[in-house]
2 protein chains.
Amino acid sequence: MGHVTGDGTVGKALAVLDQVAAFGRPVRFSELLAQSDFPKPTLYRFVQTLTNQQMLAYDPDRQTYAPGVRLVRLAHAAWEQSTLAPVARPHVDALSKAVGETVHLAQLDNAQVLYIDKRNAANPVQMYSQAGKVGPAYCTGVGKVMLAFLDDAATEKVIAQQSFHVFTEYTLADADALRHELEEIRAHGYGFDREEHEPGIICIAMPILSEGGRVLGALSVTSTTNRTNLAGLEAYEPVLRETAAKIARDAQNWSFPDYETKEATGI
Amino acid sequence: MGHVTGDGTVGKALAVLDQVAAFGRPVRFSELLAQSDFPKPTLYRFVQTLTNQQMLAYDPDRQTYAPGVRLVRLAHAAWEQSTLAPVARPHVDALSKAVGETVHLAQLDNAQVLYIDKRNAANPVQMYSQAGKVGPAYCTGVGKVMLAFLDDAATEKVIAQQSFHVFTEYTLADADALRHELEEIRAHGYGFDREEHEPGIICIAMPILSEGGRVLGALSVTSTTNRTNLAGLEAYEPVLRETAAKIARDAQNWSFPDYETKEATGI
DNA sequence: AAACCTTGTTCCATTATTTGAAACTTGGTT
DNA sequence: AACCAAGTTTCAAATAATGGAACAAGGTTT
């Protein structure tokens with residue numbers, strides 16, 4: 001994995017944090033060491049420091065490290081301030097009510113899709129997606145529509161970072177197939193996921209573009225091949241387009257209420 | 001917000017990150033500087049580094065910094081691995097269905113309550129909109145029941161860190177009132193929020209205790225004085241107790257699968 | 001029960017990074 | 001044009017990070 005470590009000690013420590021998170025399960029020091037470029041004492045001290053800081057949590061019974069609770073606190077602030085979620089929320093709610101299917105709101109994070117909000121259908125399909133979860137850009141509806149509307153240089157840079165794992169028989173398996181698909185998407189203004197990531201799961205996706213045409217994020221309505229088909233999903237295109245436009249408009253005007261004293265939380 | 005800065009450069013950088021998060025809104029460099037102990041170039045470089053690392057996000061139009069999206073990604077890993085949420089999830093779902101009121105799942109983070117999951121009757125699954133939010137321990141149901149079952153030294157340490165802001169006429173306004181309440185809670189095994197935090201909002205709260213009696217977290221069922229009263233909430237005590245026990249049991253047995261290599265075939 | 005691992009922890013002289021007073025730039029205001 | 005506030009860069013001094021080596025604690029084999 002090519003890390004952009006840089007940024008001195010802080011960058012290195014955060015690389016270690018990412019490394020722990022990437023395991024997806026609590027991990028032992030020796031496991032980290034085995035795949036790390038850092039010498040043992042160096043890695044050891046990073047892990048110690050991060051644990052002290054509650055960026056990692058240490059389980060003494062199992063002798064394992066996992067990402068720590070301080071991140072959950074910090075992420076809440078990030079979610080509210082640095083994502084489309086708070087602006088989009090009412091519109092996503094309305095969309096969800098209107099279509100009665102699972103709705104996703106996503107942004108591009110590096111070369112991946114980051115899901116920042118989700119509304120389940122009334123009778124939800126069990127799918128492996130949640131806010132905070134990342135997914136591949138090249139084989140999801142939201143990923144492709146965001147790629148399609150980046151500028152050429154950015155698109156190519158992101159394409160170069162895709163790993164093109166074949167999930168299903170419909171997965172676009174290489175950069176050229178993806179480029180062709182992106183052209184189609186640009187022509188239509190929106191895109192589909194044709195069971196490219198999970199069998200039986202299809203979606204229609206719409207980019208959220210600023211006035212200047214910059215990609216802010218994407219919306220999708222997901223369903224299954226049991227319940228509907230691409231033509232059925234296409235019926236949602238107008239409401240999706242409308243919702244994306246509203247979110248873009250509100251994002252434009254989004255301004256933070258200045259200098260008011262805020263009370264403690266009310267959940 | 002007494003931080004343990006320590007931990008060298010990394011600790012200092014994370015203190016800056018907390019400082020930005022604490023503002024609760026995008027913040028200018030000069031605002032950070034005004035309330036910082038760091039000299040200007042030092043703070044400047046920390047902010048630069050964190051922004052490079054996407055732990056902060058810079059808005060060039062408004063010249064402001066906010067917690068960055070990388071945190072949302074990391075937090076998802078933390079939420080799944082270092083909190084009760086994944087273990088508790090099915091039980092919280094069931095509880096929510098059974099009671100038809102808002103359900104909270106919380107843990108203690110430093111001296112504060114950290115909400116890690118929530119179910120609304122209307123809106124089944126959302127995540128960071130509420131998970132990640134922190135609240136005061138001394139005037140919430142979940143906070144008090146967790147305090148009540150810590151060991152004496154820990155309880156006193158946490159009490160010493162409470163700020164005792166008076167939110168309503170029912171707020172427990174000092175350490176002694178709180179200590180008295182904690183004794184009551186220990187006697188009953190569960191507790192209430194009697195409009196102590198927000199007028200009209202009441203709840204019944206149950207600690208989640210390990211076999212050894214260690215505090216793992218807390219559950220609550222919240223309602224309003226319009227809809228019910230404390231006696232009405234008390235009817236939920238059995239199902240709450242049952243749910244807490246199930247979560248504690250599952251947490252005990254919670255073990256992460258595989259210490260095997262999954263590289264059998266090329267991913 | 002001694003020798004021998006594997007995993008985790010500490011030491012400390014060397015090396016590299018961080019630090020911050022001062023100076024400079026930029027963009028806006030008087 | 002002069003001024004001011006906010007942000008950025010410089011560079012020698014101060015400080016913190018580094019990592020080879022050695023040590024400690026469990027567990028396993030001979």
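Below, chains carry the letters A, B, ... as their sequence lines are ordered, and counting in each starts from 1. The analysis underlying the following values was restricted to heavy atoms, covering all of them including side chains, and did not include hydrogens, waters or symmetry mates.
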**Student:** Apply ring-ring contact (aromatic ring centres under 6.0 Å, His included) to Phe164(B) and list each qualifying residue two or more places apart in sequence or on a separate chain.
**Tutor:**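 For Phe164(B), the residues satisfying ring-ring contact (aromatic ring centres under 6.0 Å, His included) (neighbours in sequence not counted) are Tyr138(B).
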**Student:** Encode nucleotides 10-22 of chain D as B, S and - characters from 5' to 3', where the letter depends on protein heavy atoms closer than 4.0 Å: B to the base, S only to sugar-phosphate, - to neither.
**Tutor:** ------SSBBBB-
**Student:** Keeping to residues at least two apart or across chains, list the side-chain hydrogen bond (donor to acceptor under 3.5 Å, both in side chains) pairs with something in residues 38-50 of chain A.
**Tutor:** none
**Student:** For DNA chain C, which nucleotides open and close the run of contacts to chain B, 5' to 3', at under 4.0 angstrom from a non-hydrogen atom?
**Tutor:**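 The contacted stretch runs from dT18(C) to dA22(C).
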**Student:** Establish, with yes or no, whether the OP1 or OP2 oxygen of dT8(D) is under 4.0 angstrom from a side-chain nitrogen or oxygen of Tyr44(B).
**Tutor:** yes
**Student:** Which residues satisfy the ring-ring contact (aromatic ring centres under 6.0 Å, His included) test with His91(B), sequence neighbours excluded?
**Tutor:**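 With sequence neighbours excluded, His91(B) shows a ring-ring contact (aromatic ring centres under 6.0 Å, His included) to no residue whatsoever.
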**Student:** How about Phe38(B) and Phe46(B): are their ring centroids closer than 6.0 Å?
**Tutor:** yes
**Student:** Apply side-chain contact (heavy atoms from CB on, under 4.5 Å) to Asn52(B) and list each qualifying residue two or more places apart in sequence or on a separate chain.
**Tutor:**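 Only Asp7(A) meet the side-chain contact (heavy atoms from CB on, under 4.5 Å) criterion with Asn52(B).
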**Student:** Applying side-chain contact (heavy atoms from CB on, under 4.5 Å), can you list everything that pairs with Arg179(B), at least two apart in sequence or on another chain?
**Tutor:**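 With sequence neighbours excluded, Arg179(B) shows a side-chain contact (heavy atoms from CB on, under 4.5 Å) to Glu156(B), Ile159(B), Ala175(B), Asp176(B), given in chain and number order.
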**Student:** Which atom pairs, donor and acceptor, lie under 3.5 Å between side-chain atoms of residues 144-153 of chain A and protein residues at least two apart or in another chain?
**Tutor:**
| residue | atom | partner | partner atom | Å |
| --- | --- | --- | --- | --- |
| Lys144(A) | NZ | Glu181(A) | OE2 | 2.6 |
| Lys144(A) | NZ | Phe192(A) | O | 2.8 |
| Lys144(A) | NZ | Glu196(A) | OE1 | 2.8 |
| Lys144(A) | NZ | Glu196(A) | OE2 | 2.8 |
| Asp151(A) | OD1 | Ala153(A) | N | 3.3 |
| Asp151(A) | OD1 | Ala154(A) | N | 3.2 |

**Student:** Report the residues that fulfil side-chain hydrogen bond (donor to acceptor under 3.5 Å, both in side chains) with Gln54(B), sequence neighbours left out, ordered by chain and then residue number.
**Tutor:** Asn110(A)
